[in-house]
Structures are given as C-alpha cells and as structure tokens.
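Notes to accompany the following structure.
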Amino acid sequence: MTLQTLSDYGSAFQVKTLGALLTRKEFLQNIYDILSDEHFPNPAHKWIINEILKYWHKYNTVISMDTLKIEVKRLDNEILQTSIIEQLKEAYRHSDDELAYVEEEFTSFCKNQQLKMHS
C-alpha cells in the first residue's frame with residue numbers, strides 16, 4: 001500500500017529520493033511527467049525539485065552539482081540557501097542507498113497522487 005503523503009515516508013526517504021533524482025537519469029526520465037514539488041513538505045526540497053524539473057525540461061538530463069551551486073547563489077534568502085546546500089549534501093551522500101526500493105516506492109507514490117488528482 002502506498003502511503004498518503006511523502007511526509008509519511010520520513011525525511012531520510014525524501015533525501016534518498018532527491019539523491020536518486022539528482023544522479024539517475026533513467027529514474028528522472030521515467031518519473032518526469034508525474035514529478036511535482038507539491039509532494040515535498042520541505043521548502044529546500046521544493047526548490048531542488050523545481051531546479052531538477054527546469055533543467056530536465058531544457059536539457060533532457062540530470063542537473064549537476066556545479067549548476068545547482070550557481071543557481072543557489074541567485075537566491076536572496078540566506079536561510080533557504082543554507083538549507084538547500086545542506087539537503088543537497090545529504091542527497092548526494094545517500095544517492096546510492098536503497099536505490100531500487102526508493103525508486104519503486106516513490107514512483108508508486110507519484111502515480112497514486114496522479115490518480116487522486118484526476119478522480
């Protein structure tokens with residue numbers, strides 16, 4: 001059974017999901033159409049998801065850490081900047097943890113959210 005919100009999965013799962021989205025082109029490609037920042041409660045995660053989506057839309061590949069560093073510098077909000085940098089470090093650190101499980105579970109979650117929106 002898929003959980004109702006991404007918060008139900010806990011922050012570690014969310015960070016691993018970000019890690020997978022930042023490093024696994026195939027995963028991002030498969031989920032791009034149903035990926036949304038609204039599932040992520042953390043403002044830093046929302047920002048990262050939006051950057052991932054914008055970059056994919058324009059270049060059809062995963063965004064690099066170098067590009068993310070440049071984009072983060074454009075933000076006016078220093079607190080958000082710091083939070084994003086911390087979350088990115090965590091995401092990259094955990095990008096290889098339980099990948100198959102995280103990808104499968106997050107894909108199911110997104111598909112389930114899509115169904116709820118359209119019913």
With side chains defined as the heavy atoms from C-beta onward, is the minimum distance between [X] and [Y] less than 4.5 Å?
X: Leu21; Y: Ile48; result: no
X: Leu6; Y: Tyr9; result: yes
X: Ile34; Y: Lys111; result: yes
X: Leu28; Y: Leu35; result: yes
X: Trp47; Y: Gln87; result: no

Hey, can you tell me if [X] and [Y] have their rings parallel, tilted or perpendicular (30° and 60° cut-offs)?
X: Tyr55; Y: Tyr59; result: tilted
X: His57; Y: Tyr32; result: parallel
X: Phe40; Y: His45; result: perpendicular

* Take Phe13 and Glu98 through the test side chain to side chain contact (heavy atoms under 4.5 Å, CB included) and record every step on the way to the result. => CA-CA 9 Å; Phe13 180 86; Glu98 302 179 89; over 6 Å; no

* Mind jotting down which residue pairs meet the ring-ring contact (aromatic ring centres under 6.0 Å, His included) criterion with at least one end in residues 61-84? Sequence neighbours excluded, please. =>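 Every candidate ring-ring contact (aromatic ring centres under 6.0 Å, His included) pair involving residues 61-84 fails, so no pair, neighbours aside, qualifies.
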
* Asked: Is there any ring-ring contact (aromatic ring centres under 6.0 Å, His included) pair reaching into residues 77-103, and which pairs are they, with sequence neighbours excluded?
  ->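 Sorted pair list comes back empty.
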
Nearest non-hydrogen partners of [X] and [Y], listed with the distance:
X: Lys46; Y: Pro41; value: CE-O, 4.3 Å
X: Ala44; Y: Asn42; value: N-OD1, 2.7 Å
X: Gly19; Y: Ser95; value: O-CB, 3.6 Å
X: Cys110; Y: His39; value: SG-CD2, 4.2 Å
X: Leu75; Y: Gln81; value: O-NE2, 3.3 Å

* To do: For atom CD of Glu104, decide whether the heavy atoms of other residues, nucleotides or ligands shown that lie under 6.0 angstrom number more than 12.
  =>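 No.
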
* **Greater than 12 external heavy atoms within 6.0 Å of Lys58's NZ** =>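 Atom NZ in Lys58 is not packed in, count stays at 12 or less.
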
Under the rule for side chain to side chain contact (heavy atoms under 4.5 Å, CB included), what residues qualify as partners of [X], not counting sequence neighbours?
X: Ala91; value: Val15, Leu18, Leu22
X: Asp96; value: Leu99
X: Asp8; value: Leu3, Gln4, Thr5

* **Intermediate values then yes/no, side chain to side chain contact (heavy atoms under 4.5 Å, CB included), Thr107 and Asn30** => CA-CA 9 Å; Thr107 302; Asn30 291 341; over 6 Å; no

Nearest 0.5 Å, please: how far is [atom2] in [Y] from [atom1] in [X]?
X: Leu80; Y: Ile85; atom1: CG; atom2: CD1; value: 9.5 Å
X: Ile84; Y: Glu86; atom1: CD1; atom2: CD; value: 11.5 Å
X: Glu51; Y: Ile70; atom1: CD; atom2: CD1; value: 11.0 Å
X: Trp56; Y: Gln29; atom1: CH2; atom2: CD; value: 4.5 Å

* Return yes if some donor-acceptor pair links the side-chain N/O of Asn112 with the main-chain N/O of Ser108 below 3.5 Å, else return no. =>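 Judged by distance alone, no pair lies under 3.5 Å.
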
* Quick one: salt bridge (Lys or Arg N to Asp or Glu O under 4.0 Å) pairs with a partner in residues 67-76, sequence neighbours left out? ->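 Every salt bridge (Lys or Arg N to Asp or Glu O under 4.0 Å) pair that includes a residue of residues 67-76, provided the two are not neighbours, is Glu71-Arg74.
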
